[in-house]
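Computed from heavy atoms alone, side chains included, the values below leave out hydrogens, waters and symmetry copies. Predicted model only: the values in this text are computed from it and were never measured.
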Amino acid sequence: MQWLVILPLEVIAASITINFWEDSQKYDHAIFITIFLVIIVSINLFGVKGYGEAEFVFSMVKVIAVIGYMYVIFRMINV
C-alpha cells in the first residue's frame, strides 16, 4: 500500500533532479516522469526474469561506477 505514495514521489524527485542538472531547464517534468514510468512498467511486464535481469544490469553499473570512482581517486592521490 505504501508504494502507491512512494513510487510517484520517487519518480517526481528523479525528474526534478534531472531538470536541476540542466542549466536551461527547458524540459517539462512530465517528459521525465513518462520515461521513468514506461521503464518501470516495461520491467514489471517481463515478470520475475525481467526484473532479475534488470537488477543484474543495474548492479553491474553500480560495480563499474564504484571501480571507476576508486580509479579516479587513486589517480588524483598519485598526481
Side-chain angles (χ1 to χ4, degrees):
M1 184 72 168
Q2 76 187 35
W3 279 106
L4 294 174
V5 176
I6 297 298
L7 181 65
L9 178 69
E10 288 187 0
V11 170
I12 290 172
S15 70
I16 290 172
T17 302
I18 288 177
N19 202 12
F20 176 77
W21 285 337
E22 186 182 10
D23 294 332
S24 64
Q25 296 181 353
K26 62 182 176 182
Y27 298 113
D28 192 22
H29 291 289
I31 295 170
F32 297 113
I33 291 171
T34 304
I35 291 169
F36 292 139
L37 286 178
V38 166
I39 291 171
I40 291 170
V41 168
S42 64
I43 289 172
N44 286 326
L45 286 177
F46 288 113
V48 175
K49 185 175 182 178
Y51 181 77
E53 289 292 326
E55 284 295 319
F56 175 74
V57 170
F58 295 149
S59 66
M60 289 304 295
V61 169
K62 290 177 192 177
V63 168
I64 291 171
V66 168
I67 292 171
Y69 293 146
M70 290 171 57
Y71 176 76
V72 168
I73 289 171
F74 288 137
R75 293 290 291 178
M76 289 175 65
I77 291 172
N78 291 333
V79 168

Residues joined to Val63 in its hydrophobic cluster, side chain to side chain under 4.5 Å directly or through other members, sorted by chain and number, are Ile67
With sequence neighbours left out, the residues meeting side chain to side chain contact (heavy atoms under 4.5 Å, CB included) with Phe46 are none
Review item, side-chain donor-acceptor pairs of residues 5-16, under 3.5 Å, at least two apart:
| residue | atom | partner | partner atom | Å |
| --- | --- | --- | --- | --- |
| Ser15 | OG | Ile12 | O | 2.8 |
| Ser15 | OG | His29 | ND1 | 3.4 |

Separation between OH (Tyr51) and CZ (Phe56), nearest 0.5 Å, reads 15.0 Å
Between the NZ atom in Lys62 and the CD atom in Glu55, the distance rounded to the nearest 0.5 Å is 6.5 Å
Hey, can you pull the donor-acceptor pairs under 3.5 Å for the side chains in residues 33-44, sequence neighbours left out?
| residue | atom | partner | partner atom | Å |
| --- | --- | --- | --- | --- |
| Thr34 | OG1 | Ala30 | O | 2.7 |
| Ser42 | OG | Val38 | O | 3.0 |
| Ser42 | OG | Ile39 | O | 2.8 |
| Asn44 | ND2 | Ile40 | O | 3.2 |

Applying side chain to side chain contact (heavy atoms under 4.5 Å, CB included) to Met70 and not counting sequence neighbours gives Val66, Phe74
